[in-house]
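To start, the structure itself, in structure tokens.
Just so we're on the same page: letters track the sequence lines, and every chain starts at 1.
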Protein chains: 2
Amino acid sequence: MGEQLRLTVDRRSPVPLYYQVARQLEQAIASGEVSPGFKLDNEISLADQLGLSRPTMRRAIQELVDKGLLVRKRGVGTQVVHGRVHRELELTSLYDDLRGSGQQPSTRVLLNVREPATAEVADELGIAEGEEVLHLERLRLADDEPLAVLRNWLPANVISPTDEELEGGGLYQLVRDAGTHVQIARQRIGARGATTQEARLLGRRKNDAVLTMQRTAYADSGRAIEYGDHCYRPEAYSFEVTLVER
Amino acid sequence: MGEQLRLTVDRRSPVPLYYQVARQLEQAIASGEVSPGFKLDNEISLADQLGLSRPTMRRAIQELVDKGLLVRKRGVGTQVVHGRVHRELELTSLYDDLRGSGQQPSTRVLLNVREPATAEVADELGIAEGEEVLHLERLRLADDEPLAVLRNWLPANVISPTDEELEGGGLYQLVRDAGTHVQIARQRIGARGATTQEARLLGRRKNDAVLTMQRTAYADSGRAIEYGDHCYRPEAYSFEVTLVER
DNA sequence: AAAGACAGAATGTTAGGACAAAGTCTTGAC
DNA sequence: GTCAAGACTTTGTCCTAACATTCTGTCTTT
């Protein structure tokens with residue numbers, strides 16, 4: 001297969017050079033322009049071809065190694081990994097994920113109130129028990145099929161959304177629009193039997209298996225922004241993770 | 001809190017300098033020697049203190065930023081993140097995870113045979129249907145409590161373990177001992193009701209919720225090394241993931 | 001013919017310097 | 001007193017350069 005990687009960089013662009021190269025490489029792999037096992041030219045040669053220094057070229061490659069798309073071996077070279085490539089578990093909202101995969105997401109707001117934080121919520125958010133928090137409960141649907149029950153608690157001053165705003169998009173979009181940058185999130189993924197309420201909302205029976213996810217998200221200031229306790233219909237949703245040995 | 005970070009490097013060690021520094025920083029954070037919100041000295045000053053160049057110091061810090069332990073902001077500095085720090089989902093075996101957390105892992109071998117690959121297994125391993133594979137089924141216990149049912153398929157020539165070897169440790173250890181380096185793995189995490197057999201093994205009832213994980217692992221050669229289909233008792237096990245916005 | 005020595009090729013680590021961009025704080029003008 | 005301009009601090013990007021380490025294949029020797 002006459003594979004030939006053609007990369008370019010635009011030095012007038014404000015986008016970092018290593019980032020430009022990484023995205024093009026990623027695109028070439030995702031589109032199948034280069035197939036699994038394809039061996040890249042060595043770093044120095046690639047850098048020369050693009051008029052870059054080796055560290056910059058190396059950084060671009062490293063990005064994709066970290067993502068699990070390329071494999072490097074000392075003394076040998078760099079190859080495109082074998083096996084299917086799929087979308088990563090990223091810091092995106094379920095809403096955006098669904099739209100990205102061609103489904104039609106929608107939201108039903110079940111609860112949108114302010115209340116004092118319970119001990120559990122206060123602990124997760126790192127605030128005092130009883131402090132006011134925004135409590136949201138939403139039912140997320142994909143193509144009008146119930147997919148997940150989303151329960152979230154946010155410190156009082158992060159956002160004050162109307163029901164309409166909640167129905168029009170994802171929670172993270174609202175947080176970003178409010179000028180808060182979500183930097184890091186910790187998730188715990190598990191399973192349990194559905195409660196009566198969850199079963200009713202998801203169209204299942206009580207104690208049928210549901211996939212659960214608890215998440216605490218932090219802003220770049222280090223402050224906790226959101227605690228979420230979600231449960232998903234397992235036939236319709238699963239999490240994917242790629243692990244790379246460094 | 002009289003916090004003072006004391007780092008050292010050993011230039012005679014074959015361990016890379018950035019790695020030495022990263023591990024010490026990680027240790028200091030994990031042990032609580034520096035508390036959340038602690039502001040590190042700037043990169044140049046830290047590099048000077050250790051007699052390192054700025055790129056090396058920067059790389060050490062980057063490692064921890066990627067792990068979600070530190071947060072950097074341009075013009076401001078680098079801080080230890082708020083919130084609890086817990087063990088990462090890494091490319092380690094369940095066996096090692098359990099031992100690391102102070103529990104006593106054990107294994108009961110249910111099946112250890114060679115058989116022709118089914119279509120599903122062949123597809124996951126990237127081999128031809130009907131090609132010989134090693135098929136393992138194990139029950140993993142923690143402190144004599146059943147924890148997970150582990151089903152694995154490996155290409156025929158990777159390992160040939162005895163039941164005793166399987167009972168003495170994790171699968172990945174055997175693969176490593178055979179000289180194969182596991183480089184990357186893709187995992188899909190979901191949930192479903194337990195089958196009759198799983199329920200019996202795990203001490204649950206049929207259709208009780210179990211947490212499931214399907215994994216395909218690849219060697220650094222790009223060849224698939226293992227396909228696993230595991231299910232866990234959800235009260236006893238969950239997956240943790242840290243997501244970092246870059 | 002097989003085993004070991006050696007050279008070549010590729011990535012891994014480290015150094016040191018320069019400038020850019022973003023956030024914070026001080027200073028000065030109104 | 002308030003607001004804006006500018007100085008300063010700190011991380012972000014990029015460069016050149018050198019040497020180390022590991023793997024592969026070849027060539028020599030036995």
For this session: Give B/P55 one of three labels, base, sugar-phosphate or nothing, depending on what nucleic acid heavy atoms sit under 4.0 Å from its own.
Result: base
Exercise. Is A/P14 touching bases, backbone alone, or none of the nucleic acid, heavy atoms closer than 4.0 Å?
Worked result: nothing
Exercise. Atom CE of A/M57 and atom P of D/dC14: how far apart are they, to the nearest Å?
Worked result: 13 Å
For this session: Determine the contact category for A/R59: base if any of its heavy atoms lies under 4.0 Å from a base atom, sugar-phosphate if only primed atoms, P, OP1 or OP2 are that close, otherwise nothing.
Result: sugar-phosphate
Exercise. DNA chain D: A/K73 or B/E43, which has the more 5' nearest nucleotide?
Worked result: B/E43
Exercise. Strictly by modelled atom types, are B/E167 and B/T107 linked by a side-chain donor-acceptor pair under 3.5 Å?
Worked result: no
Seminar exercise, completed: All heavy atoms of B/Y227 vs all of B/V121, minimum pair found to be CD2-CG2, 4.4 Å
Seminar exercise, completed: Rounded to whole Å, the NZ-C1' distance (A/K39 to C/dA10) equals 8 Å
Exercise. How far apart are the C-alpha atoms of B/R138 and B/N112, what are their side-chain angles, what is the distance that settles it, and do they pass the side-chain hydrogen bond (donor to acceptor under 3.5 Å, both in side chains) test?
Worked result: CA-CA 9 Å; B/R138 296 167 296 159; B/N112 179 4; over 6 Å; no
Problem set entry | Sugar-phosphate, base or nothing in reach of B/T56, heavy atoms under 4.0 Å | sugar-phosphate
Exercise. Rounding to a whole Å, what distance do you find between A/R11:CZ and C/dC19:C1'?
Worked result: 13 Å
Exercise. D/dT11, D/dC15, C/dT11: which one has an atom nearest the side-chain heavy atoms of A/I44?
Worked result: C/dT11
Exercise. Any side-chain donor-acceptor pair under 3.5 Å between B/D10 and B/Q20?
Worked result: no
For this session: Check whether the side chain of A/R54 and the base of C/dG12 form a donor-acceptor pair under 3.5 Å.
Result: yes
For this session: Measure the distance from CG on A/D48 to C1' on C/dA9 and round it to the nearest whole Å.
Result: 15 Å
